[in-house]
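Throughout, a chain's letter reflects where its sequence line sits, starting with A, and its residues are numbered from 1.
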Protein chains: 2
Amino acid sequence: MSITIGEVTIGEAARLSGVKVNTIRFYEDRGLLPAPPRSDGNQRLYGDDHVARLRFIRHARDLGFPLPEVAELLDLAHRPEAPCDAADAIARRQLAEVQRRISQLQSLAGELERMIGFCAHDRVATCRILETLADHALCATDHHAGRDATSDVAIGTASHAGP
Amino acid sequence: MSITIGEVTIGEAARLSGVKVNTIRFYEDRGLLPAPPRSDGNQRLYGDDHVARLRFIRHARDLGFPLPEVAELLDLAHRPEAPCDAADAIARRQLAEVQRRISQLQSLAGELERMIGFCAHDRVATCRILETLADHALCATDHHAGRDATSDVAIGTASHAGP
DNA sequence: CTTGCAGCTACAGCGACTGTAGATGTTACG
DNA sequence: CGTAACATCTACAGTCGCTGTAGCTGCAAG
Ligand SMILES: [Zn+2]
Ligand SMILES: [Zn+2]
Ligand SMILES: [Zn+2]
Ligand SMILES: [Zn+2]
């Protein structure tokens with residue numbers, strides 16, 4: 001029975017939230033997680049609210065929201081009486097972004113399938129894959145990577161199920 | 001009429017290949033593009049072979065191949081009599097990777113659609129989007145971001161069509 | 001009282017560039 | 001020939017979202 005209920009070390013918070021220790025400190029640095037009180041020995045002590053916040057961040061990251069949007073969503077979540085339009089808008093933007101990336105990747109996949117399909121598995125000199133890489137005119141579609149079209153959506157650290 | 005035909009500056013090479021000037025120097029640094037001869041004034045002079053190589057790199061990057069695979073593919077392309085199995089294998093790996101990312105993103109999109117669909121557009125306190133972010137148990141699927149599942153496939157600098 | 005793990009700060013590194021500063025080179029115009 | 005405008009040079013910082021390391025200190029158990 002400690003002095004206050006629910007005060008846990010950073011390691012415990014990591015286990016409870018699925019966010020790695022280093023990442024928790026990183027989020028604090030980034031302003032996503034408020035700096036918690038410290039013990040006599042200068043160690044961070046987290047309460048349930050911090051852990052809940054970490055879980056929220058983790059889940060939003062898993063869904064691909066970038067950190068600035070996660071911060072916005074966290075702010076919104078603390079204004080219960082406000083309308084939720086802003087949150088909806090962020091989610092819709094994120095969905096649109098994910099869909100954009102899906103279609104970009106589908107066009108890449110199609111092009112890759114095509115060049116693999118045309119390859120006769122012979123010598124390099126006649127390999128359709130290498131020919132195609134040397135000349136985009138052999139491609140069926142544009143599949144151009146329009147400015148971060150296929151960049152990261154969510155990297156995640158591990159699964160919700162833990163390591 | 002210059003001393004040798006087809007010797008172009010880095011800016012010309014950039015225009016001809018669609019690879020940015022800085023990026024060309026970056027590729028040289030990374031060993032993807034051999035260091036070209038220099039002019040009297042120490043400026044790089046590229047021939048058609050360099051430009052072709054740059055185009056190859058550009059195209060492979062647009063298709064999402066990471067730089068190490070691009071390097072392998074370039075090496076292979078210079079051994080015309082070798083069998084093309086290795087190139088095929090790289091392309092297949094890349095396709096598998098792209099497909100993995102597509103399905104990851106599709107699961108994200110599904111989850112995002114679900115939470116957006118359930119939102120009643122009322123107050124934050126009852127917003128399904130924020131509730132869901134706070135609790136993964138409200139999600140229909142796992143959609144976990146398994147170690148770089150959704151990370152970048154190709155960022156690209158601009159389209160083949162130019163800027 | 002020591003051992004060993006957990007936590008602390010601070011910083012380097014990933015991938016694949018992009019952008020900048022400050023110094024030269026080159027070219028066009030007058 | 002001078003000079004202005006632009007291209008290129010090197011070298012390095014910054015992007016994103018972490019991850020991992022080094023070198024400390026703290027803390028509980030034997
Ligand atoms: Zn082949
Ligand atoms: Zn193509
Ligand atoms: Zn809502
Ligand atoms: Zn979820």
NE2 on H59(A) to SG on C139(B), rounded to 0.5 Å:
3.5 Å
Has R30(A) got a side-chain N or O lying under 4.0 Å from the OP1 or OP2 atom of dC18(D)?
no
Atom CZ of R123(B): over 12 foreign heavy atoms under 6.0 Å
yes
Residues 64-75 of chain B vs salt bridge (Lys or Arg N to Asp or Glu O under 4.0 Å), sequence neighbours excluded, gives E69(B)-R93(B)
From the set dA16(C), dG17(D), dT10(D), return the single nucleotide nearest to any side-chain atom of F26(B).
dA16(C)
Should T9(B) be listed as having a side-chain N or O under 4.0 Å from OP1 or OP2 of dT8(D)?
yes
Set out, in order, the CA-CA distance, both residues' side-chain angles and the distance that settles side chain to side chain donor-acceptor pair (under 3.5 Å) for H136(A) and H144(A), then state yes or no.
CA-CA 10 Å; H136(A) 172 59; H144(A) 64 11; over 6 Å; no
Counting side-chain heavy atoms from CB outward, which of dT21(D), dT10(D), dT9(C) is closest to N22(A)?
dT21(D)
Starting at CG of D29(A) and ending at C1' of dC16(D), how long is that distance when rounded to a whole Å?
14 Å
Under a 4.5 Å cut-off applied to non-hydrogen side-chain atoms, are Y46(A) and L16(A) in contact?
no
Presence of R25(A) side-chain N/O under 4.0 Å of dT9(C) phosphate oxygens OP1/OP2:
no
For Q99(A) and E113(B), which I'm curious about, is there any donor-acceptor pair between the side chains at under 3.5 Å?
yes
Quick test: give all pairs of protein nitrogen or oxygen and nucleotides 23-28 of chain D nitrogen or oxygen below 3.5 Å, distance rounded to 0.1 Å.
unit_1, atom_1, unit_2, atom_2, d
dC27(D), OP1, G41(A), N, 3.1

Round to the nearest Å and state the distance from I10(A) atom CD1 to dT19(D) atom C1'.
14 Å
Of the options dT19(D), dT8(D), dG7(C), whose atoms approach the side-chain atoms of K20(A) most closely?
dT19(D)
Interatomic distance where CZ belongs to R58(B) and P belongs to dA16(C) [whole Å]
15 Å
Phosphate OP1/OP2 of dC17(C): any Y27(B) side-chain N/O under 4.0 Å
yes
Nucleotide dC5(C), atom P - distance to CD of E12(A) in whole Å:
18 Å
To the nearest angstrom, how far is R101(A) atom CZ from dC16(D) atom P?
13 Å
Check whether any side-chain N or O of R100(A) sits under 3.5 Å from a backbone N or O of Q104(A) as a donor-acceptor pair, and report yes or no.
no
Do the side chains of E28(B) and R25(B) get close enough for a salt bridge, i.e. N-O under 4.0 angstrom?
no
In whole angstroms, how far is the C1' atom of dC17(C) from the CG atom of L32(B)?
13 Å
Figure out the CZ/C1' separation between R38(B) and dT10(D), and round it to whole Å.
9 Å
Flag the pair R58(B) and D62(B) as a salt bridge only when some basic side-chain nitrogen lies within less than 4.0 angstrom of an acidic carboxylate oxygen.
yes
Please determine if a side-chain N or O atom of T23(A) lies less than 4.0 Å away from the OP1 or OP2 oxygen of dG17(D).
no
Set out, line by line, the N/O atom pairs under 3.5 Å between protein and nucleotides 1-6 of chain D.
none

Take the protein atom CD1 of I24(A) and the nucleotide atom P of dA6(C), then report the distance between them rounded to whole Å.
14 Å
DNA chain C: 5'-proximal contact among I57(B) and R15(A) (nearest heavy atom):
R15(A)
Could you tell me whether the phosphate oxygens of dC16(D), OP1 or OP2, come under 4.0 Å of any side-chain nitrogen or oxygen in R61(A)?
no
Derivation of the side chain to side chain donor-acceptor pair (under 3.5 Å) call for Q43(A) and T9(A)
CA-CA 7 Å; Q43(A) 297 190 211; T9(A) 64; over 6 Å; no
